[in-house]
Structures are given as structure tokens and as C-alpha cells.
Amino acid sequence: MINLFNKKNPIVQTDFTTIMGAANALNLAEIKKNGFTLTSLLNLSQFIETFVLNSKIQFEYGQSKEWESYRLAFETKELGQFILSEKDTFKKTEVQIDENEEIVISVIKEIISEELDSLKLKCLDYAIKFRNGTYSAIHNIQDQSNPVIERYIKIAKDNFNLEENNRLENYIQKLKNGNVGILGLFVQARIKLIQRSLKSDFKIYNPHFSRQPLISNELQMEIHSWNMEQLSRIRTEMIEPIDELGKELSPVFLACLSKAKYPIDILENAINLRNSSFAKQYRELCDLITLDVMKGDATNLVLYKANLKNALKDFNETILNNNVTEVHKSQIEFRFNVVPVTGKYIIEHSEKISKGIGTKNYTMFSNVLQNSISIVDTLKKLNDIYKQDFIFDTVILTGFGRKK
């Protein structure tokens with residue numbers, strides 16, 4: 001049984017690349033100047049989902065010279081200013097995870113001792129491609145390198161023996177031959193450094209979407225990813241023709257996109273959703289289940305998924321019967337009230353929903369689903385919000401690193 005009196009919240013560590021990319025995506029002036037990349041869009045989608053679904057979010061915010069240009073760029077962005085001001089939700093770790101040179105040396109040794117096969121090169125290529133552009137506007141930060149990895153390599157070379165230095169050079173050459181370059185070493189080093197820094201209790205790593213294929217499944221994050229997969233599936237089943245771009249984005253992001261007229265409205269909608277009573281209930285329950293998993297007990301996670309799996313089989317039918325007047329291939333017309341379909345309504349009208357663990361999350365699911373499904377053409381909605389015509393190529397995502 002879940003201990004409802006346990007007030008401890010797990011802390012989710014998100015990559016700085018995620019929030020920096022999201023900050024770029026909300027900066028309309030920058031978008032008009034440099035364009036709106038798929039990378040920025042996916043960063044924004046991941047950030048909005050992380051912000052709404054998690055109680056406490058941590059990110060590295062180094063104070064070293066290498067971090068100076070990153071900090072200056074972030075602090076000029078509206079999202080950056082918001083994050084730095086919301087201290088109850090966001091926690092910046094000013095002690096850098098790579099401050100200890102011995103740890104950096106150990107991590108580089110570990111990386112170059114591992115096999116660099118074609119699959120890993122493919123994963124690294126994916127990670128690098130979806131990082132490009134995030135920092136290109138920052139002075140002295142190039143897509144193919146950065147001051148941080150240059151520091152790591154210098155530390156390693158200064159402390160390695162001849163054999164280790166030769167192994168490092170060979171590894172870097174393999175990365176270059178695989179068209180990945182030294183940023184492939186950087187991505188691996190950052191993942192390992194973050195994972196080592198989070199070994200203390202109640203901390204979870206939620207990696208940048210491009211790094212997820214390089215990391216084994218984080219069981220602690222499974223409840224959120226499972227919930228979103230179910231809502232994405234239901235949304236896809238409801239919309240014809242299939243909204244290809246929408247399939248790649250978080251249902252939570254799409255819900256926040258639905259009533260937005262300008263980019264900054266997306267953040268405002270996310271704040272309102274996060275502060276809603278049903279989102280707070282969602283986080284409370286998921287936090288308690290997650291804490292159990294972190295302690296080695298996945299019983300409640302299994303019960304939660306088993307209970308909702310049956311319920312969600314006719315969840316979409318319950319929502320549609322209450323809200324949709326007409327369904328066309330190009331349009332879904334909704335009959336919205338001020339208050340969305342409640343969890344109580346869903347429980348009363350769905351024969352497959354049990355009254356067990358997970359019941360409190362139905363209103364959250366209902367709200368996110370109704371708002372996300374009101375967008376039948378995500379590309380058109382984004383073009384309306386940003387007042388420009390964009391084309392996002394999602395082919396690179398199909399079948400690699402993401403579930404269909």
C-alpha cells in the first residue's frame with residue numbers, strides 16, 4: 001500500500017541542452033532570424049512535459065569560465081529567466097559534475113575501454129544531429145566542438161600514460177571516421193558524469209531525447225513515459241489522417257499548444273496545467289510510486305499499469321461519446337465545457353475502470369487528451385502560432401530511437 005503521508009519528492013535531473021533548446025524555441029525573434037528547427041521543437045516538447053509532470057527539476061548551471069557563455073545566453077532568454085526565478089520547482093546545481101578532475105579522468109578511461117561498434121556510432125550520430133544548432137548562436141561555441149570537451153581531453157592527455165593516450169587518440173579517430181567527431185566523446189562523458197552524480201537517493205536522470213538510445217531504460221521514469229505512450233496511442237487512433245508531426249511530440253506539449261496564439265502562451269498554458277488540482281494529484285501519486293521503485297519495490301507500478309491498461313482500452317470511446325459531435329478526416333469538432341470531462345465521469349461511464357490505484361489520474365488524462373486531440377494538424381497550428389511556414393522532416397526519427 002502507498003504511504004500517502006510520505007512527502008518526499010524525487011528530484012529529476014534534466015539536461016541543460018533540453019532547457020536551452022526549449023528557451024530558443026520560445027524566442028520568437030530568434031526563430032524569425034534563424035528558423036525553427038526540429039531540434040528546437042523536440043526540446044520544447046520534452047521540457048514542457050518534464051515541467052508539468054515532475055515536482056522537482058534539477059539542472060546543472062556551472063560557474064566556471066567554460067560555462068560563462070552558456071549562462072549569459074540562457075539568462076537573456078525569457079524561459080531562462082522564468083526557470084531561474086522558479087526556485088520551488090527548479091534547482092540549479094552550481095557545483096559542476098566535472099569539477100573533480102579525477103572523476104573526469106576515470107570517466108574518459110571507462111569510455112575508451114568500451115567497444116565502439118556500429119550501433120553505438122549510430123546512436124551517437126543521432127545524439128549529435130539533434131544537438132546541432134542549440135548552441136551555435138553562442139560566441140565561441142561551435143557545433144563540432146565546445147570548451148568543455150576540449151578541457152576533458154586536455155585533462156586526460158595530461159594524466160594518461162603513453163598506452164592510454166594512444167587508446168584515446170584511436171578512439172577519437174574512430175569517432176571521426178564514423179562522422180561523429182569529438183562531440184561523441186562529449187555526449188558519452190556527460191551521461192556518465194551525470195549518472196555518477198545522481199547515485200544519492202531520490203534523484204533520477206531524464207536525459208535529452210537524443211541521448212535516450214544510449215541509456216538503458218530508467219525504471220524510475222517509466223510511469224511518466226508509460227502514461228504518455230498510452231495517451232499518444234489513443235490520440236493517434238482518434239485522428240484521421242494521421243498527424244505525423246504530432247506523433248513525435250508529447251501529448252502534454254500538444255495540450256499546451258492547443259489554445260496558444262503566441263509562443264509564450266505555450267509556457268503560460270503549461271504553468272496553468274501544472275498548477276491545476278488534477279496535475280498536482282497526478283504528481284503526488286506518481287512521485288509516491290516512483291519512490292517505491294527507487295527503493296526496489298515495483299509492486300505499485302505493476303498494479304497501476306495493470307489497472308489502467310484495461311481502463312484505457314475504452315478510454316477514448318468514453319471521451320469521444322461525451323465530447324465529439326462529428327469526426328471527419330480533416331476535422332474533429334468538440335463540444336467543450338469550461339471544465340473538462342472529470343475523472344469521476346470517466347469512472348462512472350467506463351465499465352473497465354476499476355477503483356484501484358491510479359484513479360486520481362483520470363482527470364489529468366482526460367484534460368491532456370481532450371486538448372491534445374483538438375489539434376488535428378500540428379504543423380498548421382505551429383505555423384499559426386509562429387506566423388511563419390515551417391516544414392519539419394520527421395523521417396530521421398522513424399524506426400530509430402523512438403517507438404512508433
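All residue numbers in this chain count up from 1 along the given sequence.
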Checklist line | CA sep, side-chain torsions, deciding dist, call: Phe392, Phe36, ring pair (Phe, Tyr, Trp, His ring centres under 6.0 Å) | finding: CA-CA 9 Å; Phe392 297 100; Phe36 196 7; 5.5 Å; yes
[X] versus [Y]: any side-chain heavy-atom pair under 4.5 Å?
X: His208; Y: Met20; value: no
X: Ile385; Y: Lys261; value: no
X: Thr89; Y: Arg274; value: yes
X: Leu42; Y: Leu38; value: yes
X: Thr37; Y: Leu41; value: no

State plainly whether the residues [X] and [Y] are in salt-bridge range, i.e. N to O under 4.0 Å.
X: Lys280; Y: Glu284; value: no
X: Arg190; Y: Asp15; value: no
X: Lys381; Y: Asp377; value: no
X: Lys56; Y: Asp287; value: no
X: Glu164; Y: Lys109; value: yes

Residues at least two apart in sequence or cross-chain that pass ring pair (Phe, Tyr, Trp, His ring centres under 6.0 Å) with Tyr282, listed by chain then number, are His224
Sorted by chain and number, sequence neighbours left out, ring pair (Phe, Tyr, Trp, His ring centres under 6.0 Å) with Tyr304 holds for none
Going by atom types only, do [X] and [Y] share a side-chain donor-acceptor pair under 3.5 Å?
X: Ser366; Y: Gln370; result: yes
X: Thr18; Y: Asn43; result: no
X: Asn24; Y: Ser40; result: no

For [X], give me all partners under side chain to side chain contact (heavy atoms under 4.5 Å, CB included), at least two apart in sequence or on another chain.
X: Lys259; value: Asn269, Asn371
X: Glu244; value: Ile242, Lys247
X: Ser64; value: Glu66, Trp67, Gln96
X: Lys92; value: Phe59, Tyr61, Leu84, Glu94

Review point. Which is it for Ile19 and Phe90 under the side chain to side chain contact (heavy atoms under 4.5 Å, CB included) test, yes or no, and what are the steps along the way?
Key: CA-CA 11 Å; Ile19 59 176; Phe90 296 97; 5.5 Å; no
Applying salt bridge (Lys or Arg N to Asp or Glu O under 4.0 Å), can you list everything that pairs with [X], at least two apart in sequence or on another chain?
X: Lys157; answer: Glu169
X: Glu163; answer: Arg167
X: Asp158; answer: Lys154

**Asp117, CG: over 12 other non-hydrogen atoms inside 6.0 angstrom** = yes
Exercise for the section: Taking atom CD of Glu78 as the centre, report whether more than 12 heavy atoms of other residues, nucleotides or ligands fall under 6.0 Å from it. Expected result: no
Across all chains, not counting sequence neighbours, the side chain to side chain donor-acceptor pair (under 3.5 Å) partners of Asp384 are Lys380
Taken in chain and number order and not counting sequence neighbours, the residues that satisfy side chain to side chain donor-acceptor pair (under 3.5 Å) with Glu150 are Ser145
Rounded to the nearest 0.5 angstrom, the CG-CG distance for Leu288 and Asn300 is 9.0 Å
To the nearest 0.5 Å, atom NZ of Lys120 lies from atom CG of Leu175 at 9.5 Å
Scanning both residues in full, the closest heavy-atom pair of Pro251 with Leu231 reads CG-CB, 4.0 Å
Would Tyr362 and Phe278 count as a close aromatic pair, with their ring centres under 6.0 Å? no
Do the two ring centres, one from Tyr386 and one from Tyr262, sit under 6.0 Å apart? no
Contacts satisfying ring pair (Phe, Tyr, Trp, His ring centres under 6.0 Å) that involve residues 167-194 (not counting sequence neighbours) are none
